[in-house]
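First the proteins, then the strands, lettered A, B, ... as listed; each starts at 1. Just so it is clear, the model here is predicted, and its values are computed rather than measured.
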Amino acid sequence: MADLFPDGQSDDADQALAARLAAAELEGRPLRVKLGIDPTGSDIHLGHSILFRKLRAFQDAGHTAILIIGDFTARIGDPTGKSATRVQLTTEQVEANATTYLRQLGQGQPKEQALLDFETPGRLEVRRNSEWLAGLDLPQVIGLLGTATVGQMLAKDDFSKRYGSGTPIALHEFLYPLLQGYDSVAVDADVELGGTDQKFNVAMGRDLQRHFGQRTQFGLLLPILVGLDGVQKMSKSLGNTVGLEEDPLSMYSKLEKVGDAAINDYLILLTDLASEALPDNPREKQKAMALAVTASRYGMEVAQKAQVDAATLVGGEAAAAADVPEASLSAVNFPAKAFYLFSAVGMCASSSEARRQIKGGAARLEGEKITDPNQEFSSVSDLEGKVLQLGKKTFRRLVP
RNA sequence: GGGUCGGUGCCCGAGUGGUUAAUGGGGGUGGACUGUAAAUCCACUGGCUCUGCCUACGUUGGUUCAAAUCCAACCCGGCCCA
């Protein structure tokens, strides 16, 4: 049971859950563990995976995971942590995102490889909350709204900040916590998993369950993973994520440079390694962490290869070592000046940017620095098969 | 609906008639350096096959030799009042 908890959970939380487990055992049934995800993006990243790892632990302990696809609530958007009203998504976008999520969670894969156990009967229910939310009529909605006050809503940090700073809050956003809470009623949840930032919403679930005469769920709040910047929460919109679907090399290289201060969090939240077992040298520790996390997704063998590749890449031998992506010259009109070439081949966003890069000394052809943006190439045969380089990381082999 | 303040480049945010894509910060990219694609320092950061030419300060018109800056209408938002 202890393994259901990350470090840092207090004892009484432990006991409350223990009591819940005992009660369920007495009734001879598994716990219903709710985890809601809003299919608002298309990629699951490591920050999410903490929750899924925990949910999986419950599954493996014999309980039932209730994965709620917030197909209805996604159309409102969770105001949590948002400084602005979220754009509402269409049904089609939401459905497409949901499909991608399920695939990334391992639908259709054997449970040994998947993040969640989709195989064992009784261990997983996938529900869409439109199932019960889309059918609510106005009297029911008014009933829900009646269970909370404006004061309570404004006490929520995100709302109060926005209100205080004069950022608009649309009325329907107040509905979000209520609807998410109602999900708990609809699926009769014993436990709800969420990040610590979900405290308000999870608590709302408890209030509503009480309102509807159910026993209240236990909220298991897990720490939020800091992003690659080591400061803010890992979140797609901040661009500090590591995606679950990223290739091993990119995953490893990103993790390898996580700030020293965040390494222990990553180890505790994403791996089963004990931090004492690791080298003291921070650089070595980073590498060990990156290796372990990559391995937990792709297996040790692949992770080790990524580690080696990453080292080679940084060594600057990329052009020779790894496979250089190709770039077609078909869109280039000859004669072509150097700056135009970089933009036409797609290595620079614009020809003006290409000029700047060349002036900044970033451009090379076959390892030789290009200094004049106006240097001219008269035909395809001048460039065919050669490697064009921008900075240390971007290489393209030119093909006709 | 009334009053009032505001809408500036990827983001935040200066600028309130007159060189110049428009101060500063963040982010991003590049360079140097290094235990790392870290930290630090430096440079660049609208577009265009570019010694010049275009397009930009909510939208559309107007005043002016000249507007992000003045005027009008409209759209969007904050606050106060109803």
Item to complete: Starting from the 5' end of RNA chain B, give me the residue, A:F339 or A:Q286, whose nearest nucleotide shows up first.
Response: A:Q286

Worksheet entry | Pairs meeting criterion salt bridge (charged side-chain N to carboxylate O under 4.0 Å, His left out) with involvement of residues 287-307 of chain A, two or more places apart | A:E245-A:R297, A:K305-A:D309

Response to the item:
The side-chain hydrogen bond (donor to acceptor under 3.5 Å, both in side chains) partners of A:N129 (sequence neighbours excluded) come to A:T73, A:D183

Fill in: Base-pair map of RNA chain B as dot-bracket, where | denotes pairing with a different strand and pairs are Watson-Crick or G-U under 3.5 Å
((((((((.[[[..)..(.....]]]((((((.......))))))(((...)))...[[[[[..)....]]]]]))))))).

Practice prompt. If a pair satisfies salt bridge (charged side-chain N to carboxylate O under 4.0 Å, His left out) and one of its residues is in residues 326-350 of chain A, list it, with sequence neighbours excluded.
Written response: none

Practice prompt. Give a yes or no answer on whether the side chain of A:D190 reaches the backbone of A:L31 with a donor-acceptor pair at less than 3.5 Å.
Written response: no

Worksheet entry | Atom pair CG/CZ of A:L35 and A:F58 - distance to nearest 0.5 Å | 11.0 Å

Response to the item:
Residue pairs passing the side-chain hydrogen bond (donor to acceptor under 3.5 Å, both in side chains) test with at least one member in residues 138-150 of chain A, sequence neighbours excluded, are none

Discussion item. Please enumerate all residues that pass side-chain contact (heavy atoms from CB on, under 4.5 Å) together with A:Q286, with sequence neighbours excluded.
Written reply: A:D260, A:I263, A:R283

Response to the item:
Here the distance between atom C1' of B:G30 and atom CD1 of A:I358, to the nearest Å, is 12 Å

Response to the item:
Separation of B:A38 atom C1' from A:K254 atom NZ, nearest Å, is 16 Å

Worksheet entry | Interatomic distance, A:I169 CD1 vs B:G78 P [rounded to whole Å] | 9 Å

Worksheet item: With the sugar-phosphate defined as primed atoms, P, OP1 and OP2, and the base as all remaining atoms, what B/S/- string results for nucleotides 41-48 of chain B, 5' to 3', for protein heavy atoms under 4.0 Å?
Response: ---SS-BB

Worksheet entry | Interatomic distance where CZ belongs to A:F342 and P belongs to B:U49 [whole Å] | 15 Å

Discussion item. Using the side-chain hydrogen bond (donor to acceptor under 3.5 Å, both in side chains) criterion, which residues pair with A:Q217? Sequence neighbours excluded.
Written reply: A:S184, A:E192

Fill in: Euclidean distance for P, B:C44 against B:G15 (whole angstrom)
25 Å

Worksheet item: Reckon A:N333 touches a base, only the sugar-phosphate, or nothing at all at heavy-atom distances under 4.0 Å?
Response: base

Listed pairs, N/O of protein and of nucleotides 32-34 of chain B, under 3.5 Å:
unit_1, atom_1, unit_2, atom_2, d
B:C33, N4, A:K392, NZ, 3.3

Practice prompt. Tell me which of A:K337 and A:E284 sits closer to the 5' end of RNA chain B, going by the nucleotide each one is nearest to.
Written response: A:E284

Worksheet item: With sugar-phosphate meaning primed atoms plus P, OP1 and OP2, does A:P335 contact a base, only sugar-phosphate, or nothing at under 4.0 Å between heavy atoms?
Response: base

Exercise answer: donor-acceptor pairs, residues 375-388 of chain A side-chain atoms, under 3.5 Å, sequence neighbours excluded:
unit_1, atom_1, unit_2, atom_2, d
A:S378, OG, A:D382, OD2, 3.2
A:S379, OG, A:S381, OG, 2.8
A:D382, OD2, A:S378, N, 3.3
A:K386, NZ, A:D382, O, 3.0

Discussion item. Once side-chain hydrogen bond (donor to acceptor under 3.5 Å, both in side chains) is applied, do any residues pair with A:R128, and if so which ones, sequence neighbours excluded?
Written reply: A:E95

Item to complete: With sequence neighbours excluded, tell me which residues meet side-chain hydrogen bond (donor to acceptor under 3.5 Å, both in side chains) with A:R32.
Response: A:E125

